[in-house]
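See structure below.
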Amino acid sequence: MLPGPVLPGPRDRRPAGSGGGCTRSTPLGLPGRRPLALLGFAPVAPASPAETPADDLLVRLAAASARHWPAVHAEASVATVGRTVYVLLPLDEGVAAFATARRLGEQAAAVLDRSVETPLRAACSRIATGPEELPDLRAEVDDVLRVTTADPQAPAFATLRDTHARVLLAHVGDELARRPRLRHPGIEAMLEHDRARGTAFAASVTAWLDAIGNIGDAAARLTIHPNTLKYRLRRAGELFGVDLDHPDDRLSCWLQLRLPR
């Protein structure tokens, strides 16, 4: 790990005097004004929320990273924060900077995955023009790793562009968790009805929305008759006040139904 300024987390960007806790920071060498990319590497999340990655796994990941990067990029700086290893890459000027960062990141992901003998996920930020953008780069990498480490089927290497929709949904979920009053009351009632009575209104509405309103395709996904699906959609409107004829209501319902429950 190189000496130098700290690797700031997203919460370090609050204005002075705003209060609240602080994010743990770790020394990270920062270059002068050159194109920069931040990479992040983290193990896939355990199947059970009660489990956490073993300390020795994170130690091995950090050690393997410390061995790998000096051999492939002499100016790379490596820092470990929590369960993520971050690598700051100073890059040469030119349009090839992002392609270089992606190539190095993909190669490192393959090498580190073999070294620690456990599935890893890697993320690459956009290209920044100076170290003052590092908090935003870290937030971007953290967003990508949040969704890819939670998905066993996610690609080993990804960028925000690759995962934008899922990152957006995760932030929508965060906002709904902070402000429950923003939740569509009809969707909450629908989910509770399904849990209490064993009905499938939520699954039916979700399938119809996923099929962009195509009754035949949605019914086939649910393995039910199209008339059964039409009945469920009509009853969903009657029972829960869900207006599936209005595009804004459809979007609101779809967003809430797509969130983890």
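What you see below is based on every heavy atom in this structure, not just the backbone, and it leaves out hydrogens, waters and symmetry mates.
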*Quick one: do Thr206 and Asp210 satisfy side chain to side chain contact (heavy atoms under 4.5 Å, CB included)? Show the steps, please.*
CA-CA 6 Å; Thr206 302; Asp210 287 347; 3.6 Å; yes
*Go through the steps to decide whether Arg221 and Asp217 satisfy the test salt bridge (Lys or Arg N to Asp or Glu O under 4.0 Å), and finish with yes or no.*
CA-CA 6 Å; Arg221 294 180 191 183; Asp217 286 352; 5.4 Å; no
_Please determine whether side chain to side chain contact (heavy atoms under 4.5 Å, CB included) holds for the pair Leu91 and Leu36, giving the CA-CA distance in whole Å, both sets of side-chain angles, and the decisive distance to 0.1 Å._
CA-CA 6 Å; Leu91 299 162; Leu36 301 171; over 6 Å; no
_Let's go through Cys124 and Val141 carefully: what are the C-alpha distance in whole Å and the side-chain angles of both, what is the deciding distance for side chain to side chain contact (heavy atoms under 4.5 Å, CB included) to 0.1 Å, and is it a yes or a no?_
CA-CA 6 Å; Cys124 180; Val141 166; over 6 Å; no
*Could you please spell out the steps behind the side chain to side chain contact (heavy atoms under 4.5 Å, CB included) verdict for Val242 and Met190?*
CA-CA 9 Å; Val242 176; Met190 182 190 302; 3.9 Å; yes
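Gln256 and Ser252 form no side-chain donor-acceptor contact under 3.5 Å, judged by distance and modelled atom types alone. There is no side-chain donor-acceptor pair under 3.5 Å between Arg121 and Thr148.
Criterion: ILVMFWY side-chain heavy atoms under 4.5 Å apart, direct or through other members. Under it, Val205 and Leu191 are part of a common hydrophobic cluster. Hydrophobic clustering, with ILVMFWY side chains joined whenever heavy atoms are under 4.5 angstrom apart, groups Leu104 together with Leu120. Connection of Val172 to Val147 is not established within any shared hydrophobic cluster, with ILVMFWY side chains joined at heavy-atom distances below 4.5 Å, either directly or through further cluster members. There is no path of hydrophobic side-chain contacts, each under 4.5 Å, that joins Ile127 to Val144. Put simply, Leu244 and Leu251 are part of the same group of oily side chains (I, L, V, M, F, W, Y) that touch within less than 4.5 Å, one to the next.
Side chain of Thr163 to main chain of Thr159: a donor-acceptor pair is present (N/O by atom type, distance under 3.5 Å, no hydrogens or angles). Looking only at distances, a side-chain donor or acceptor of Glu140 sits under 3.5 Å from a matching main-chain atom of Arg126. Formation of a donor-acceptor pair under 3.5 Å by the Arg83 side chain with backbone atoms of Ala42 is not found in this model. Remark: the backbone N or O of Leu229 is not paired with any side-chain donor or acceptor of Ser204 at under 3.5 angstrom. Remark: side-chain polar atoms of Asp194 are paired, donor with acceptor, to backbone N or O of Ala202 under 3.5 angstrom.
With a 4.5 Å cut-off between side-chain heavy atoms of Ile, Leu, Val, Met, Phe, Trp and Tyr, the cluster of Val111 takes in none.
A salt bridge is defined here as a Lys NZ or Arg NE, NH1 or NH2 lying under 4.0 Å from an Asp or Glu carboxylate O, and Asp243 with Arg250 fails to meet this definition.
Counting heavy atoms from C-beta outward, Arg235 and Glu238 have side chains that approach closer than 4.5 Å. Between Val78 and Tyr86 the shortest side-chain heavy-atom distance does not fall below 4.5 Å. Between Leu134 and Leu88, the closest side-chain pair of non-hydrogen atoms falls below 4.5 Å. Put simply, the side chain of Thr129 does not reach to within 4.5 Å of the side chain of Pro35, judged on heavy atoms.
Judged as a ring pair (Phe, Tyr, Trp, His ring centres under 6.0 Å), the pairs with a partner in residues 181-221 (not counting sequence neighbours) are, in order, His193-Phe201, His193-Phe240, Phe201-Phe240. Sorted by first and then second residue, the ring pair (Phe, Tyr, Trp, His ring centres under 6.0 Å) pairs with a member in residues 124-174 form an empty list; sequence neighbours excluded. Among pairs with a residue in residues 58-81, none fulfils ring pair (Phe, Tyr, Trp, His ring centres under 6.0 Å), at least two apart in sequence or across chains. Among residue pairs with one or both ends in residues 155-175, those qualifying as salt bridge (charged side-chain N to carboxylate O under 4.0 Å, His left out) are Arg102-Asp162, Arg146-Asp174, Asp151-Arg166, Glu175-Arg178, Glu175-Arg179; sequence neighbours excluded.
Remark: Leu255 CG to Leu176 CG distance equals 8.0 Å, nearest 0.5 Å. Atoms CG and CG, on Leu209 and Leu233 in that order, are 8.5 Å from each other to the nearest 0.5 Å.
The one candidate from Asp113, Val87, Leu145, Val116 that meets the side chain to side chain contact (heavy atoms under 4.5 Å, CB included) condition with Phe41 is Val87.
With sequence neighbours left out, the side chain to side chain donor-acceptor pair (under 3.5 Å) criterion links Arg234 to no other residue.
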